[in-house]
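All residue numbers in this chain count up from 1 along the given sequence. As a basis for the values below, the full set of heavy atoms in this structure was taken, side chains included, without hydrogen atoms, waters or symmetry mates.
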Amino acid sequence: MSIAVYIRKEYFRAVTIKDKSAHILEFRYRPRTVDVFEEGYPVFHLEYILESKTKASIIEYYLTDFALRGKGYGTVCMNEITAQLGKKGTTLITAPTGYELAPLGYTGPDQYHELMAGFYEKTGFSVGGDGDLAMKILEEQ
């Protein structure tokens with residue numbers, strides 16, 4: 001079963017990333033995914049499911065280009081997406097902090113878990129005591 005959340009399918013948002021440079025990002029929402037583009041080039045992808053009208057679970061997300069890591073794209077995209085979900089009534093978002101196998105470019109699952117936990121904390125999530133789940137409670141709008 002899937003729950004429909006109606007977020008405007010495509011819109012542009014002006015953001016400032018870590019180096020203080022300004023960018024115009026296009027957010028494209030689909031029923032289970034959000035893709036973000038800059039000048040037509042994909043920069044961020046997120047997949048989620050809505051377990052109920054108020055609870056969303058992030059399945060996975062990634063920057064589409066490894067060279068974009070550490071520049072702030074992930075942070076601004078995650079903050080924007082969670083804010084939009086919150087405006088539609090979502091009050092809890094959960095996400096795994098890693099996977100059994102680390103993606104290419106990482107030394108192993110432990111390094112990946114540590115980086116993911118740090119990223120989630122930076123974007124307002126709390127990481128569970130065992131470190132395998134991040135959660136963010138949103139204020140009702």
Do Lys136 and Leu92 make a side-chain contact, defined as non-hydrogen atoms from C-beta onward lying under 4.5 Å apart?
no
Does CD belonging to Glu121 count more than 12 external heavy atoms closer than 6.0 Å?
yes
* Inspect the surroundings of CD1 in Ile49 and state if more than 12 heavy atoms from other residues, nucleotides or ligands are less than 6.0 Å away. => yes
Keeping the roles fixed (side chain from [X], backbone from [Y]), state whether a donor-acceptor pair exists under 3.5 Å.
X: Thr90; Y: Gly86; answer: no
X: Thr54; Y: Thr91; answer: no
X: Ser21; Y: Ile17; answer: no

Between [atom1] of [X] and [atom2] of [Y], what distance do you get to the nearest 0.5 Å?
X: Glu114; Y: Thr97; atom1: CD; atom2: OG1; result: 11.0 Å
X: Phe119; Y: Arg69; atom1: CZ; atom2: CZ; result: 11.0 Å
X: Lys18; Y: Thr75; atom1: NZ; atom2: OG1; result: 7.5 Å
X: Asn79; Y: Gln84; atom1: CG; atom2: CD; result: 12.0 Å
X: Leu85; Y: Ile58; atom1: CG; atom2: CD1; result: 8.0 Å
X: Lys71; Y: Asp65; atom1: NZ; atom2: CG; result: 9.0 Å

- Task: Decide side chain to side chain contact (heavy atoms under 4.5 Å, CB included) for Tyr73 and Val36; before the verdict, give the C-alpha distance in whole Å, the side-chain angles of both, and the deciding distance to 0.1 Å.
- Result: CA-CA 10 Å; Tyr73 282 96; Val36 183; over 6 Å; no
If you compare all heavy atoms of [X] against all heavy atoms of [Y], which two are closest, and at what distance to 0.1 Å?
X: Gly74; Y: Leu63; result: N-CD2, 3.9 Å
X: Leu138; Y: Thr82; result: CD1-O, 3.6 Å
X: Leu133; Y: Pro96; result: CD1-N, 4.3 Å
X: Phe125; Y: Ile93; result: CE2-O, 3.7 Å
X: Val127; Y: Ala117; result: CG2-O, 3.8 Å

Under a single-linkage definition using a 4.5 Å side-chain heavy-atom cutoff for Ile, Leu, Val, Met, Phe, Trp and Tyr, are Met78 and Met135 assigned to the same hydrophobic cluster?
no
message: Do Leu46 and Tyr11 land in one hydrophobic cluster if side-chain heavy atoms of ILVMFWY residues count as linked below 4.5 Å?
response: yes
Residue set satisfying ring pair (Phe, Tyr, Trp, His ring centres under 6.0 Å) with Phe37, at least two apart, ordered chain then number -> none
Problem - Partner residues of Tyr41 under the ring pair (Phe, Tyr, Trp, His ring centres under 6.0 Å) criterion, sequence neighbours left out - result: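 For Tyr41 there are no ring pair (Phe, Tyr, Trp, His ring centres under 6.0 Å) partners, ignoring immediate neighbours.
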So the salt bridge (Lys or Arg N to Asp or Glu O under 4.0 Å) pairs with at least one residue in residues 34-50 (sequence neighbours excluded) are Arg32-Glu47
Exercise for review: Walk me through it: do Arg30 and Glu10 pass the test side chain to side chain contact (heavy atoms under 4.5 Å, CB included)?
Suggested key: CA-CA 9 Å; Arg30 302 294 181 257; Glu10 298 178 18; 3.4 Å; yes
- [ ] Dump the intermediate steps for side chain to side chain contact (heavy atoms under 4.5 Å, CB included) on Ile81 and Phe44, then the final yes or no.
- [x] CA-CA 11 Å; Ile81 292 165; Phe44 187 83; 3.7 Å; yes
Measure the acute angle between the ring planes of Tyr61 and Tyr120, then classify it against the limits of 30° and 60° as parallel, tilted or perpendicular.
-> perpendicular
(Q) Between Ser57 and Thr94, do the side chains contain a donor N or O and an acceptor N or O under 3.5 Å apart? (A) yes
Self-check item: Steps toward side chain to side chain contact (heavy atoms under 4.5 Å, CB included) verdict (Phe66, Leu68)
Solution: CA-CA 5 Å; Phe66 203 75; Leu68 296 175; over 6 Å; no
